[in-house]
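When a ligand or atom number is given, it counts from 1 through the structure's own listing order. Model, not experiment: these values are computed from the prediction.
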Amino acid sequence: MRVDIVSIFPDYFAPLDLSLIGKARGSGLLDLAVHDLRTWTSDVHRTVDDSPYGGGPGMVMRPEPWAAAFDAVARPESVLVVPSPVGKPFTQAAAHELAALPHLIFACGRYEGIDQRVLEDAADRMPVREVSLGDYVLFGGEVAVIVIMEAITRLLPGVLGNADSLTEESHAAGLLEAPVYTKPAVWRDRAVPEVLRSGDHGRIARWRRTESLVRTATRRPDMFAAYPGEQLDKKDRAA
Ligand SMILES: COC(=O)COc1cccc(COC(=O)c2cn[nH]c2)c1
C-alpha cells in the first residue's frame with residue numbers, strides 16, 4: 001500500500017517511523033511519504049492560509065497549494081482521506097476498507113479548515129472520504145492521520161502475527177472485547193476468572209462471548225442494537 005500525507009507540520013509524523021508501522025515500512029508492506037504543503041506555495045512567505053469570506057474567527061487554508069499538492073501526488077487509483085470534525089465516523093469497518101486500497105492521500109487540515117472547493121475539485125478526479133474520529137475538534141488533522149494509519153497498518157497482511165490478528169475479531173464483528181488477564185493468577189487478592197485457567201477452550205470461548213455481549217449491551221447499546229440478530233442466535237446457540 002502506498003500512502004502520501006500532506007501537512008504543514010510533516011514532523012508530526014515521526015511516530016510513524018516507530019514500532020510496527022516502522023517495520024511495515026521497512027518490510028515494504030507500507031510505502032509512506034510525508035510532504036510539506038508549503039512545498040506547493042509560490043510566494044516568498046509560503047502562505048497557506050487567508051481570512052475567511054463571510055468573516056468569522058480564524059483562517060482558512062487556501063485552495064492553490066492543495067490543488068498543486070494533489071497534482072503532484074495523485075495517481076489513477078488514489079483515494080483522498082481528510083480527517084474532519086464534519087466527516088463520517090471512522091470505524092473498524094472503515095479501517096478494513098481503507099487497508100484494502102492501493103493508494104491513500106491524507107490531507108491534514110488546520111485552522112478553520114480547507115477551502116471547500118478543494119474537496120469539490122478533488123472529487124472530480126478521485127473518491128474523497130471525510131472522516132471523523134469523534135465529536136471534538138483538534139488543532140489539525142495530523143494526529144487523526146496517525147490514529148487512522150495505526151488502525152489501517154495493523155490490518156495489512158503480514159504486519160501482525162496470526163496470534164495478534166484474532167484480538168480484533170470481536171470488534172470487527174461489532175462487539176466489544178472481553179476482559180483480558182495474565183500472570184499472576186492472584187494479584188492484590190484478585191483472582192483471574194477460574195474459567196480462563198480451566199483449559200476448557202469451549203467453555204473459555206463461551207465465557208468470552210458472553211462477556212463481549214454483556215459489555216457491548218451495557219457500555220455501547222448503540223453497537224449492540226446494530227449487531228445483526230442472526231449473528232446473536234447462531235453464535236450464541238453454539239456458545
Ligand atoms: C474539509 O476538511 C477540513 O477542512 C478539515 O479541517 C480541519 C480543521 C481543523 C481540524 C481538523 C482535524 O480534524 C479534527 O479536528 C477531527 C477529526 N475527527 N474529529 C475531529 C481538520
Side-chain angles (χ1 to χ4, degrees), residues 3-16 21 32-41 45-75 78-99 101 103-155 168 171 176 219-220 222-223 226:
V3 173
D4 286 285
I5 302 173
V6 184
S7 163
I8 59 171
F9 293 117
D11 295 349
Y12 245 96
F13 296 98
L16 297 186
I21 292 188
L32 175 70
V34 181
H35 308 273
D36 184 341
L37 178 66
R38 295 186 198 276
T39 305
W40 291 283
T41 57
H45 297 296
R46 311 188 81 195
T47 312
V48 293
D49 63 317
D50 205 334
S51 51
Y53 275 118
M59 302 291 272
V60 172
M61 300 191 94
R62 296 172 51 233
E64 297 93 337
W66 282 110
F70 294 159
D71 287 347
V73 303
R75 304 174 178 199
S78 302
V79 170
L80 176 63
V81 181
V82 187
S84 164
V86 302
K88 184 181 174 193
F90 185 66
T91 61
Q92 189 67 8
H96 277 282
E97 286 167 25
L98 295 180
L101 296 175
H103 184 225
L104 299 179
I105 302 172
F106 285 99
C108 299
R110 283 261 153 182
Y111 311 106
E112 299 309 308
I114 303 170
D115 185 302
Q116 188 59 30
R117 293 169 294 180
V118 171
L119 276 71
E120 291 165 5
D121 183 65
D124 286 349
R125 87 157 73 137
M126 58 188 148
V128 177
R129 303 271 183 276
E130 278 186 85
V131 297
S132 167
L133 296 191
D135 294 334
Y136 43 78
V137 183
L138 303 168
F139 279 120
E142 286 78 9
V143 291
V145 170
I146 291 173
V147 169
I148 295 166
M149 277 307 299
E150 188 155 313
I152 289 172
T153 304
R154 64 186 295 278
L155 298 177
E168 55 99 30
H171 221 289
L176 300 181
R219 297 181 186 198
R220 291 293 303 277
D222 58 307
M223 274 178 86

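- Taking every non-hydrogen atom of Gly113 and a distance limit under 4.0 Å, the qualifying atoms of ligand 1 come out as 4 (O), 6 (O), 8 (C).
- Protein heavy atom nearest atom 5 (C) of ligand 1, with residue, atom name and distance: Pro83 O, 3.6 Å.
- In plain terms, the two heavy atoms of Arg62 and Thr47 that are nearest each other are NH1-O, 2.6 Å.
- Here the shortest heavy-atom pairing between Arg110 and Gly140 reads NE-CA, 3.6 Å.
- Partner of Leu16 under the side-chain contact (heavy atoms from CB on, under 4.5 Å) criterion, chosen from Thr153, Val34, Ile21, Val3: Ile21.
- For ligand 1, the atoms sitting less than 4.0 Å from at least one non-hydrogen atom of Glu130 are 1 (C), 2 (O), numbered in the order shown with element in parentheses.
- Heavy-atom proximity to Val82, at under 4.0 Å, picks out these atoms of ligand 1: 2 (O).
- Nearest protein neighbour of atom 20 (C) of ligand 1, counting heavy atoms only, is Tyr136 O, 2.9 Å.
- Heavy-atom distances between Pro85 and ligand 1 reach below 4.0 Å in at least one pair.
- Closest to atom 15 (O) of ligand 1 among all protein heavy atoms lies Leu138 N, 2.8 Å.
- For ligand 1 and Leu119, the ligand atoms under 4.0 Å from any heavy atom of the residue are 1 (C).
- For CG of Asp124, the number of neighbouring non-hydrogen atoms (other residues, nucleotides, ligands) closer than 6.0 Å is greater than 12.
- Near Gly141, the atoms of ligand 1 lying under 4.0 angstrom from a non-hydrogen atom of the residue are 11 (C), 12 (C).
- For atom 19 (N) of ligand 1, the closest non-hydrogen atom on the protein side is Gly134 O, 3.0 Å.
- The atoms of ligand 1 that sit less than 4.0 Å from any heavy atom of Ser132 are 18 (N), 19 (N).
- Heavy-atom proximity to Leu133, at under 4.0 Å, picks out these atoms of ligand 1: 17 (C), 18 (N), 19 (N).
- Distance from atom 3 (C) of ligand 1 to its nearest protein heavy atom, with residue and atom name: Ile114 N, 3.9 Å.
- Shown in contact with Val137 at under 4.0 Å from a heavy atom are these atoms of ligand 1, numbered in order with element: 15 (O).
- With rounding to the nearest 0.5 Å, the separation of CD1 in Ile105 from CZ in Phe70 is 6.5 Å.
- Considering all non-hydrogen atoms of both residues, Pro85 and Tyr136 come closest at CB-O, 4.2 Å.
- Among Gly109, Cys108, Ser84, the residue whose heavy atom lies nearest to atom 7 (C) of ligand 1 is Gly109.
- Side chains of Pro83 and Val145 form a contact here, defined as non-hydrogen atoms less than 4.5 Å apart.
- For the pair Asp36 and Pro10, the tightest heavy-atom approach, listed with the atom from each and the gap, is CB-CG, 3.9 Å.
- The shortest heavy-atom contact between Glu130 and Ser84 is OE1-OG, 3.4 Å.
- Here the closest non-hydrogen pair linking Val82 and Ala107 is CG1-O, 3.7 Å.
- Under a 4.0 Å heavy-atom criterion, Tyr111 is in contact with ligand 1.
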